[in-house]
Amino acid sequence: MLKGFKNFLMRGDVIVVAVGLIVALAFSTLIKSFTDSVINPIIARAQGGHSVGLGWQLGQAGNRATFLDIGSFISALIYFLTFMAVVYFLIVVPYKHYSARHGVAAFQEPSPVKTCPACLSEDLPAAAVKCRHCGTDGQQPTPTGAPRP
């Protein structure tokens, strides 16, 4: 049982995913620090004056619990976009090249599909001649009683 578990853990895909997660967590911390230390002060300064941030006070003045902080939302959006760009360019793109060298297509566009005219299945490959679900050919259905060509 332990040998099977060891073989599972030592598979190439599991190692790649584990390394990717570790790198993603490290970049997450770095980007979070950047948005908190650099982006948030810039966004808060855009409000002007002595405000606690970019947004509106909905209740008692100076109460953070009733402050609608749009600046934090913008900062979180910048954080998310930056983090996803880092993950894409530093993990996904190299992994696509690594997989292509080993003959595996990773993160490829889905192939075009068509709909079966008989059973209306929408998952048939565009080049399919027969439906995998009902077995009819890919031609349009003929009216009842009409001879098939």
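Side chains included, hydrogens not; waters and symmetry mates left out as well; all remaining heavy atoms used. Since we're looking at a predicted model, the values are computed, not measured.
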Between Phe83 and Ile31, which heavy-atom pair has the shortest distance, and what is it? CA-CD1, 3.6 Å
Min side-chain heavy-atom separation Thr136-Cys119 under 4.5 Å: no
Give a yes or no answer on whether the side chain of Ser33 reaches the backbone of Thr29 with a donor-acceptor pair at less than 3.5 Å. no
Once you round to the nearest 0.5 Å, how far does OH of Tyr88 lie from NZ of Lys96? 4.5 Å
OG-CG distance between Ser28 and Leu21, expressed to the nearest 0.5 angstrom: 11.5 Å
Interatomic spacing from CG in Leu25 to CG in Leu30 - rounded to 0.5 Å: 12.5 Å
